[in-house]
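A short write-up of the structure that comes next.
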Amino acid sequence: MALAFCGDEGNSTAYNVDHGVLNNGCFVDALNVVPHVFLLFITFPILFIGWGSQSSKVHIHHSTWLHFPGHNLRWILTFILLFVLVCEIAEGIVSDGVSESRHLHLYMPAGMAFLAAITSVVYYHNIETSNFPKLLIALLFYWTLAFITKTIKFVKFCDNGVGFSQLRFCLTGLLVVLYGMLLAVEINVIRVRRYVFFKTPKEVKPPEDLQDLGVRFLQPFVNLLSKGTYWWMNTFIKTAHKKPIDLKTIGKLPIAMRALTNYIRLNEAFEAQKNKRPSSPQGSGSIWRALCCAFGRPLLLSSTFRILADLLGFAGPLCISGIVHNTKILGVFFISSQEFLSNAYVLAVLLFFALLLQRTFLQASYYVAIETGINLRGAIQTKIYNKIMQLSTSNMSMGEMTAGQICNLVAIDTNQLMWFFFLCPNLWAMPVQIIVGVLLLYYLLGISALIGAAVIIVLAPVQYFVATKLSQAQRSTLEYSNERLKKTNEMLRGIKLLKLYAWEHIFHSSVEETRQKEMTSLKSFALYTSISIFMNAAIPIAAVLITFVVHAHLTKKADFSPSVAFASISLFHILVSPLFLLSSVVRSTVKALVSSFCNCNFRNNAITNGFFTWTPEGPPALSNIDIRIPQGQLTMIVGQVGCGKSSLLLAILGEMQKISGNISWSSWKLLFCFSRKRGSVAYASQKPWLLNATVEENITFESSFNKQRYKAVIDACSLQPDIDILPHGDQTQIGERGINLSGGQRQRISVARALYQQTNVVFLDDPFSALDIHLSDHLMQEGILKMLREDKRTVVLVTHKLQYLPHADWIIAMKDGYIQREGTLKDIQKSETELFEHWKTLMNRQDQELEKTTIETKTVLERTNLRRTMYSREALLKDDEEDEEEATESDDEDNLSSVLHQRAKMPWRACGKYLSAAGILLLPLLVLSQLLKHTVMVAIDYCLARWTSDVFNHSPYSKIFSILCCLGIVLCLVTSIAVEWTGLKVTKKLHASLLNKIILAPMRFFETTPLGSILNRFSADCNTIDQHIPATLECLSRSTLLCVSALAVISYVTPMFLIALVPLAIMCYFIQKYFRVASRDLQQLDDSTQLPLLSHFSETVEGLTTIRAFRYEAKFRQKLLEYTDSNNIASLFLTAANRWLEVRMEYIGACVVLIAAVTSITSCLYSKLSSGLVGLGLTYALMVSNYLNWMVRNLADMEIQLGAVKRIHGLLKTEAENYEGKSLNELMNLSWKDRGEIQIQNLSVRYDSNLKPVLKHVNAHISPGQKIGICGRTGSGKSSFSLAFFRMVDTFEGRIIIDGIDIAKLPLQTLRSRLSIILQDPILFSGTIRFNLDPEKKCTDSMLWEALEIAQLKHVVKALPGGLDAIVTEGGENFSQGQRQLFCLARAFVRKTSIFIMDEATASIDMATENILQKVVMTAFADRTVVTIAVSTAPTVPTLFQSLPCLQIGLMSHKNCSRHEMCRCCRWLFYGTPG
């Protein structure tokens, strides 16, 4: 076959120039080659020699990226140009299809133009990134030449009568327009940049973001191709495979995406709405208008992309129809558009391009919508934070607005709005998709299509109903889950008390009861989920079955060819998705419209003095307040528990509601004004408030670091010994709420913060409450008197330590919410003799404690516990790291590569554990049902292929087709139920096992494991297993089996496809391998950056008073912006990574479609493959394109979610306490005589088998009803001695005998139920007072009232609404510290046990409450054996106890002293002298 540019050389007409060279078509085509050759010759040396010679310049830094004018337009025009040139090439090949000679001039110029277009855009990109516009002159000449030559060709077509009926004429006209527009763009660059033809070129700097090398999110700055394909993410994804991603890796957010920028934009929109309607109330309508004004433009762009993508999606069914119908080749010199589109190969190529374009538009729509949602979320979170800063303290204290509600507002409601913006484009894109789909079905199938579409449309409301029920079930599940977590949290926080009181079963039952309600809700959730999955899978089958049976049997002369059948199937699959999603979109829209954000009102009230209340409607908490506080002096506020001392400080700071009065800040009348003019006040609250930061950061608190002052403050607060214990000194991170520190340590850090600040005014609210006498005295002398008063700073001190009153310059005495007396101590001595005498009595008792010189106190015990805890946690962490499959720290390259290999592996072991928990019956059912379902699906489509190929015999095929469809529908139901049933069984089993293990774990486990870590297993991990893993498992199995079955069908139809499948499979493998690692890291980073954000909100709410007192609102707002930006940058990178994957997978899917189409057409033409099988292969190829990326996404999601299973199984390895007695049957026959006799024989105990003994060879005998005080130096084993009675520590030698029974032989439940204890920290649970006193429900009301009367709480409880059924908030926060301790005393009395233990129960309460406690012990507990662990009660010990054993380094000494000898013993013990 001859090959020549103009065809056969013997053909004279091809080379005839008698009418002029420009009238020769071949010459004009040759002329069109010249511009392209020119560009290639000009640009190649610059591209490959200029840049190639200096390879370092190839990788140009992104800071030089400058977009020339018309950047995006140039890229869009170039893409259109490339597509038109491909069509021109195809037109030339098709028009020359049957000639014996090949006319190269029909397609070779177009081919050269294609190369030149690609070269032009590559050349432009390199010039743009190097910011050297002068080289663009080459493109100016190229576009000019191309425009001229193509115009000549177009004019000659017009002269020769070639018109719009010929495709070549249309293509040439389009190319003239495109080249003209590109030339105009080039001229515009010259006009704006002035790089040529002007004397002074315009200098342009890089964008401000790119001047900051920390900005690594480059999506807004890269060119259009990189934006559409996320090409800039390649380096990031590859780097993630080599090194884990952290915040440093992802860098900063671009300025336009930062929370502050978006907050300002949103605020401006709100202000604009207010100005438009100044008189109308600002309701949800104005809020939504402001949101649309601020963020509506990108949403409109996203919607446009989505509509274009949906319309291009219909190219699939139409091209399938055309390919199956037109498997022939044309060959004429000039062809029309219709003839061009009749070529099957042309349709295959067009389908390929349509898929590429559709997927690009779809992913662009997703990205723009999610980016807009993330920007909106950041803006709203900032706005909420600013509102929180103006919250009234009364909102918090009265429970109107809790930290939990605010966290829900931030974590849930803002996310609902974000996802609404993501789903918003569907609201108008989906109706368009449905209408076009129904019209095309009608075009293909006629009236029968409407019947099938009616099935889908009729069932749409059912889907909406199911989706609504699903949402309700999810909401109900969330409510029960929150209730369960609240109970679990309280159980874990009070676990020591529960174990000591043998109440584990009560709280276990309570949690289990709530869990059962949650499981009922989860069953509903699982049921509706399975129905939803079933309907989504079964509706297309049912619609196809009804439509095809009606079309084949009832419609006369119906066209039931493969082209119609398989195009219709594709259309039905397209229709189902929008109808299914539309219900979700509508539901999300409703959720967003009623979001709490739109309805949430925050109060912000300023106050003055006089009468103050916590709520506007409530009674005054402070009355007739008329005081003055002298400047530069020490003022002390004293009074009984609950008299309003802390409220007075808060009123001064403007944190209470004003009823009446007047306040001023001046030199002498200092306080009571919440005014903007008030300066910073250093405030240490009664309940210590710490940041989740280092010790140093908590003390300096955003102030500049002064080493000398810092050391002085550390010394004044006696913090250096504590800091020395911490693993990283003062750089050790304090856990949330100071969870890894004791109460005293938290208190001293809080006071140190107030001392460190250089403010003129300092408020200290009961700073000595959690400190012992020695520390209190040191803090008073070195901190308050030396550092504050000597500096002439105004100090207001609330305290119960009356021995410090002589140091006060001014005293304010309070009683029942009013000022009892104020003045100097001498003034009060003269005017209030009775009050002064009462104080004097208490001061004398406390002064005796001050005589102590060398005694070690409970502070050293705290340090011992801290050292033990830190050591245990480090050891536990070390063990975990050794057991961890994925991480071993080593610098060796072999180990590093091993770690990287582990990161890329799927956690198959965790997957096996999850599936094995389903049981022997469910697992095979799950696997077999899935395999059988997809086998039947393939059989349905294969039957359809055979049926449509044999159109003369409908009956047998229709019966088989109907049976298979019905079987497929049934199997869809079975598989959906099997997956959800499996999930329910696994989650029920894992939670029950976890709860049993945790509640029975030894106390040592809770001391060495952070509470947050345990709670996360019950919250986040259980939620993942409850709701996420079953859905992901179903989606993963479905998408994987669909892809496998599709590839199997294509390979069966055209075995040649297998050759191309190998490289595509290799590409898929590497893409998913790299993506999974990056996705997991980014998902974890997204979660980990959200925690500090929520924690910052929570910290701010809890420390609102402190922040406002310090006037640090601006600094905390800045922190909020940093946390928000960190979370948003992680979310944006995760979004970009998902788009990176989906674009690549869908491009591979498009390649699968192209290869399948080309091989099918070739087989049909040359191997007589039936058109039905061609349609089958192409339909399944489209399926691969749709589900390939879902398979990888779900694989990555499953990998992350299985981490929850792995972590829970890690906790299930915890060893439980031995709750069973050694000889339980014998003991059941014994009757326990409640006399309270205790015999201790050679007792030795330790905390753990790996640790040294804390008690060694202790012997003692305590008679029934005896009062014993256990005293000793810190670390001598006093608390360990008390815990030994409850078998909370390891007794490895000796025994304890109570009333003749060896406690080691008793079941733990029995033993602990016969003992009572009051701990140092009072613990109350949320619920009622009745529940807190008697959770076992064994006592009558009269017994409970008796206990409250003994504890002197009866009048308090009677005043509450509900009495015994009055509500106790979480942690007993609605009662003071002293009242909580008295409730604990009443609880101990109610138990009526013969043995009562007090473990430093008076350490953190005021003297009055301590007096009550001592009185109760002497009267109400007169007939009980009382064992008291005492540190700072030496003066009162002789009056309370008949015997005083002392512990020294784990050995018992001075036992059974007489009352006369006790004073001598006490003096030796407490003062270091024998007496």
Side-chain angles (χ1 to χ4, degrees), residues 494-509 996 999-1006 1215-1247 1254-1255 1258-1266 1268 1270 1277-1319 1323 1334-1336 1338 1384 1387-1399 1421 1424-1429:
I495 191 68
K496 186 174 184 179
L497 182 74
L498 300 188
K499 287 184 172 294
L500 291 169
Y501 273 57
W503 285 348
E504 301 101 311
H505 65 286
I506 297 171
F507 279 77
H508 179 277
S509 301
N996 287 332
I999 205 163
L1000 299 180
M1003 199 61 215
R1004 186 80 188 139
F1005 168 78
F1006 299 99
E1215 291 186 11
E1217 283 186 286
N1218 181 19
Y1219 272 73
E1220 300 297 326
K1222 290 184 179 178
S1223 53
L1224 188 60
N1225 293 330
E1226 293 178 24
L1227 292 166
M1228 288 302 101
N1229 298 323
L1230 296 175
S1231 59
W1232 187 320
K1233 300 174 182 177
D1234 286 335
R1235 294 184 297 117
E1237 182 184 13
I1238 303 171
Q1239 290 178 309
I1240 301 166
Q1241 300 174 357
N1242 199 32
L1243 182 71
S1244 298
V1245 301
R1246 58 194 174 192
Y1247 278 93
V1254 289
L1255 286 179
V1258 174
N1259 290 280
H1261 179 266
I1262 301 171
S1263 302
Q1266 198 171 16
I1268 301 295
I1270 306 293
K1278 303 182 302 300
S1279 291
S1280 305
F1281 182 75
S1282 67
L1283 293 176
F1285 291 118
F1286 297 86
R1287 281 169 47 195
M1288 296 280 278
V1289 286
D1290 177 24
T1291 304
F1292 66 95
E1293 190 178 343
R1295 60 180 184 164
I1296 298 175
I1297 298 172
I1298 297 178
D1299 294 335
I1301 299 175
D1302 185 353
I1303 66 170
K1305 296 181 180 180
L1306 282 170
L1308 275 181
Q1309 192 77 15
T1310 305
L1311 168 66
R1312 292 171 180 172
S1313 65
R1314 301 301 180 99
L1315 307 173
S1316 295
I1317 188 169
I1318 298 181
L1319 298 172
I1323 297 172
D1334 179 33
E1336 294 175 293
K1338 292 181 178 178
C1384 293
R1387 176 198 288 154
F1389 179 79
V1390 162
R1391 280 171 70 86
K1392 302 288 186 185
T1393 56
S1394 59
I1395 297 173
F1396 175 54
I1397 299 168
M1398 294 169 63
D1399 188 358
F1421 292 83
R1424 305 191 195 183
T1425 303
V1426 179
V1427 178
T1428 296
I1429 308 299

Worksheet, complete the sentence: Rounding to 0.5 Å, atoms CD1 (I1268) and CD1 (I1238) come to a distance of 8.5 Å
Discussion item. Closer than 3.5 angstrom, by distance alone: can the side chain of R1314 be matched with the main-chain N or O of I1298 as a donor-acceptor pair?
Written reply: no
Fill in: Any E1217 side-chain heavy atom under 4.5 Å of M1003 side chain
no
Worksheet item: Going from CD1 on I1323 to CZ on R1387, what distance comes out if it is rounded to the nearest 0.5 angstrom?
Response: 7.5 Å
Fill in: Any side-chain heavy-atom pair of F1286 and K499 under 4.5 Å
no
Discussion item. Within the structure provided, determine whether R1295 and K1305 are in side-chain contact (heavy-atom separation under 4.5 Å).
Written reply: no
Practice prompt. To the nearest 0.5 Å, tell me how far I495 CD1 sits from F1006 CZ.
Written response: 4.0 Å
Response to the item:
Those residues at least two apart in sequence (or on a different chain) that pass side-chain hydrogen bond (donor to acceptor under 3.5 Å, both in side chains) with Q1239 are none
Worksheet item: If you take all heavy atoms of S1316 and T1393, which pair is closest and at what distance?
Response: OG-OG1, 2.7 Å
Worksheet, complete the sentence: Between the OH atom in Y501 and the OG atom in S1313, the distance rounded to the nearest 0.5 Å is 12.5 Å
Item to complete: Kindly say whether N1242 contributes a backbone atom to a donor-acceptor pair with the side chain of N1259 at under 3.5 angstrom?
Response: yes
Worksheet entry | Donor-acceptor contact below 3.5 Å, side chain R1287 vs main chain L1311 | no
Worksheet item: Under 4.5 Å between any side-chain heavy atoms of F1285 and I1317, yes or no?
Response: no
Worksheet item: OG1/T1310 to CG/L1315 distance, rounded to the nearest 0.5 angstrom?
Response: 11.0 Å
Item to complete: Give the intermediate values and the outcome of side chain to side chain contact (heavy atoms under 4.5 Å, CB included) for residues I1303 and T1291.
Response: CA-CA 11 Å; I1303 66 170; T1291 304; over 6 Å; no
Practice prompt. Start with the C-alpha distance between L1308 and E504, add both sets of side-chain angles, then the distance that settles side chain to side chain contact (heavy atoms under 4.5 Å, CB included), and finish with yes or no.
Written response: CA-CA 11 Å; L1308 275 181; E504 301 101 311; over 6 Å; no
Worksheet item: Would you call F1396 and I1318 a side-chain contact if the rule is heavy atoms closer than 4.5 Å?
Response: yes
Worksheet entry | Q1309 (side chain) donor-acceptor with A502 (main chain) under 3.5 angstrom | yes
Worksheet entry | Flag side-chain contact, heavy atom, 4.5 Å: D1334 against K1338 | yes
Worksheet item: How about R1424 and F1389: do any of their side-chain heavy atoms sit closer than 4.5 Å?
Response: yes
Item to complete: Could you go through the side chain to side chain contact (heavy atoms under 4.5 Å, CB included) check for D1299 and S1394 one step at a time?
Response: CA-CA 10 Å; D1299 294 335; S1394 59; 4.3 Å; yes
Fill in: Side chains of I1397 and V1427 in contact at under 4.5 Å (non-hydrogen atoms)
yes
Item to complete: Check the pair E1336, I506 against side chain to side chain contact (heavy atoms under 4.5 Å, CB included), reporting the backbone distance first and the verdict last.
Response: CA-CA 7 Å; E1336 294 175 293; I506 297 171; 3.2 Å; yes
Worksheet item: When rounded to the nearest 0.5 angstrom, what distance separates CD in E1293 from CG in L1255?
Response: 12.0 Å
